[in-house]
Number of protein chains: 2
Amino acid sequence: MRRMTARPANAHQARLLRLLRDGGPNSRAQLGDQIDLSRSKLAVEVERLLETGLVVADGLAASRGGRRSHNIRLAPALRFLGVDIGATSIDVAVTNAELEVLGHINQPMDVREGPVAVFEQVLSMAAKLRASGLAEGFDGAGIGVPGPVRFPEGVPVAPPIMPGWDGFPVREALSQELGCPVMVDNDVNLMAMGEQHAGVARSVGDFLCVKIGTGIGCGIVVGGEVHRGTTGSAGDIGHIQAVPDGRPCACGNRGCLEAHFSGAALARDAVEAAQQGLSAELAARLETNGALSAVDVAAAAAAGDATALDLIREGGNRTGQVIAGLVSFFNPGLVVIGGGVTGLGHTLLAAIRTQVYRQSLPLATGNLPIVLGELGPTAGVIGAARLISDHLFSPA
Amino acid sequence: MRRMTARPANAHQARLLRLLRDGGPNSRAQLGDQIDLSRSKLAVEVERLLETGLVVADGLAASRGGRRSHNIRLAPALRFLGVDIGATSIDVAVTNAELEVLGHINQPMDVREGPVAVFEQVLSMAAKLRASGLAEGFDGAGIGVPGPVRFPEGVPVAPPIMPGWDGFPVREALSQELGCPVMVDNDVNLMAMGEQHAGVARSVGDFLCVKIGTGIGCGIVVGGEVHRGTTGSAGDIGHIQAVPDGRPCACGNRGCLEAHFSGAALARDAVEAAQQGLSAELAARLETNGALSAVDVAAAAAAGDATALDLIREGGNRTGQVIAGLVSFFNPGLVVIGGGVTGLGHTLLAAIRTQVYRQSLPLATGNLPIVLGELGPTAGVIGAARLISDHLFSPA
DNA sequence: CCTGCTTTGTCCTGTCAGTGGAAAAAGTTG
DNA sequence: CAACTTTTTCCACTGACAGGACAAAGCAGG
């Protein structure tokens, strides 16, 4: 099937498409209230959008006291693909043009197996979604990778945890395979965009989104836009020193935040505690599974295990300390905590909050919510869909 | 004398004014090369600007191989006032419309004497500059204060080191007194704008500007724009924890960067070292002056005093450690070090560089210059002039 | 069902910003 | 002085857009 080739011809059309994306089906009259255009001009632009097929008529709206207005909506057949490649698993989802998730699958996979193997997996997952009747094809795809990206080209650069990906033309290759436009970004940035679009960060202009998974990263949103930095490595807070002369880190330094708290560090600490006989709960789980992960620690903590709680608390303290510094520096309006370890829940959040509220100045923390992400694993794929839709819904 | 009342009527005119401000006198033809407008349209807008008096004819340009072009320039009588209120001194300068400093005076004054006393001083300094024939009046003024500012209103909020200023309507009051538009900002932000306009940060989109004076602050520039944060306290890095369980700080916490290194901390450490007999050089200076400041430490270091050098080095290490974190987080294209302690020169810079290059990831530091500010004490006043000119040279 | 009011959609004209070509004006080069 | 450039002005043409007039559609109340 031929997919969308049309693009908005001007800024007004782009604006209208985004209004329809973010606000769902809408009447012409309501659109007129939200956009600064005369009725005549609006009618012309809507007419042109209808001609392109990007937008379709959608029945009559409820009356607002007079003649009823005709609703319009984004073409219901439009489909975006959102891909979130994590360190140890892959999420793929299909959305409609309003970025609602229609189907979502998750598969474990080690990113270190390299781009070729991962791509194969991603494509087969996309094919599976297509086969299930959710999409006949994709009008665009967004993809997130766990490392820095040279954004304009869509190419990973010097990614520490994914050797073999350096310089791999992700955007080009995926675009080729799927036959549609593709945008690539860091997975943390996509999570931030997801929470901004559909999660807790709606209507916040400046915020931080801290993702604690296998590693730790931070999405930075300034004035509604993601800040990627000069080389695309902004938000790489995992290697900020949290403990002077602390544990050795894979990066060669000592005391990096990531070495002291992250999915990987937490798992290692848990195994150690189990082996030293500090926690019967963890030891039992280690016995059963042969390994431990953040999920086990969360379960043990939920069961009241003191060691597990301590691990979480200490990690939260470390993380909170680093975040406190970032809050002083950046003065965000919101801090979102997300990623694999959100399962640790309130214990973690409380530890982080304590540190931030204690260490940052009152002016910066006075009205600063620190909350868990609302979308969990869908944040990344929604962010990915948002990324490509922002691209497509902008003047050609 | 009546001053400039005219403002650019549209974005084109604003654009032209900024080109003339940043590039100096220019021919119509050259302007045409820099702006995306047809010759006819350009001629119309220039004509209108000439009518308003904001811009005047300025003789003939050199030939580029054909008919010579008529030069135009910003009205030579335009004057901006730049005010930089530091913790312990005040800088006031007059600039022309191209933001060249025509006159600059500096007076010691403790900001804690309160807004009324400080204002009196500022106005008398401005009057002095006017009396010396540099200006008949001011077309706009920018002012920087050493604390957070609610930017749109131009009002300091909860400034830790300047009690009595909280909520004082700086913008309103100064505008009233001077009879011209006024904009207020944090002094560190103005320093960043100054270095961006006329210093080392020309042509860099994302950079950090660390000012080490009585306290420590950091100007953050994202995409050419200053980031002020949700409550105007962005860049307040003086109270980031640099030393766990370190020295007590005025803010109530322990180990704040500012408590370990800043103009004030350095002076205190120097006195202590002198009294403990660790440094003959510093002791002698303490004897002579009755007090020590960063300048004394710089002089002692220049004379080869080991203790002074150690103080600087250790401070640089602490600062570098914090900056390393910020570099990982923000991924700037440049880091500028400025403020009173730039006199400490290369020793300080070397220590900072060592820490940053060691602790941040290669991708972020690979092509990251860390340099001293170029403008010294004029950075702030130039930034102040730039602030108000940006405001005035924007569509009404 | 009919009347008056409101909202929505369409049509049309006037205005204004802006482009691009033509030609005049002013210089340069040989 | 002739041929060629560059700059500037002039002018007609285009397209974007606003806003008014009017028709269409719906509501409320008699």
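All values derive from a computational prediction rather than experimental measurement. In what follows, every chain begins at residue 1, and chains take the letters A, B, ... in the order their sequences are listed.
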Value in whole Å for how far the P atom of C/dA24 lies from CZ of B/Arg68: 24 Å

Nearest-Å distance for atom pair CG/P, residues A/Asn10 and D/dG15: 14 Å

Result of checking A/Asn26, A/Leu49, A/Val55 against A/Ile72 for side-chain contact (heavy atoms from CB on, under 4.5 Å): A/Val55

Nearest-angstrom distance from the residue atom CD of B/Glu45 to C1' of C/dC16: 12 Å

First of B/Arg64 and A/Arg48 reached from the 5' end of DNA chain D, by closest nucleotide: B/Arg64

Atom CG of B/Asn10 with >12 non-hydrogen neighbours under 6.0 angstrom: yes

Close side-chain approach of A/Met183 and A/Asp390, heavy atoms under 4.5 Å: no

Nucleotide of D/dG26, C/dG9, C/dA17 approaching B/Lys41 most closely (side-chain heavy atoms): C/dA17

Separation of D/dT9 C1' from B/Leu42 CG (nearest whole Å): 13 Å

Closest listed nucleotide, where the reference is the side chain of B/Ser40 and the choices are D/dC11, D/dT7, C/dC11: D/dC11

Gap between atoms CD and P, on A/Glu47 and C/dT8 respectively (whole Å): 19 Å

Which nucleotide in D/dT9, C/dG27, D/dA24 has an atom nearest any side-chain atom of B/Arg67: C/dG27

Nearest to side-chain heavy atoms of B/His12, which nucleotide of C/dG18, D/dG26, C/dT7: C/dG18

Selected nucleotide, minimal atom distance to B/Ser63 side chain, candidates C/dT8, D/dT6, C/dT28: C/dT28

Sugar-phosphate, base or nothing in reach of A/Ser38, heavy atoms under 4.0 Å: base

Sugar-phosphate, base or nothing in reach of A/Arg39, heavy atoms under 4.0 Å: base

Whichever of A/Leu37 and B/Ala29 has its nearest DNA chain D nucleotide further upstream toward 5': B/Ala29

Whole angstrom value for the distance that separates P of C/dG9 from CG of A/Leu50: 12 Å

Pairwise 5' ranking along DNA chain C for A/Ala43 and A/Gly66, keeping only the more 5' one: A/Gly66

Steps toward salt bridge (charged side-chain N to carboxylate O under 4.0 Å, His left out) verdict (A/Arg228, B/Asp206): CA-CA 10 Å; A/Arg228 299 188 172 86; B/Asp206 297 348; over 6 Å; no

Derivation and outcome, salt bridge (charged side-chain N to carboxylate O under 4.0 Å, His left out), residues A/Arg15 and A/Glu45: CA-CA 11 Å; A/Arg15 182 92 194 286; A/Glu45 296 299 356; over 6 Å; no

B/Leu60 CG - C/dT28 P separation (whole Å): 10 Å

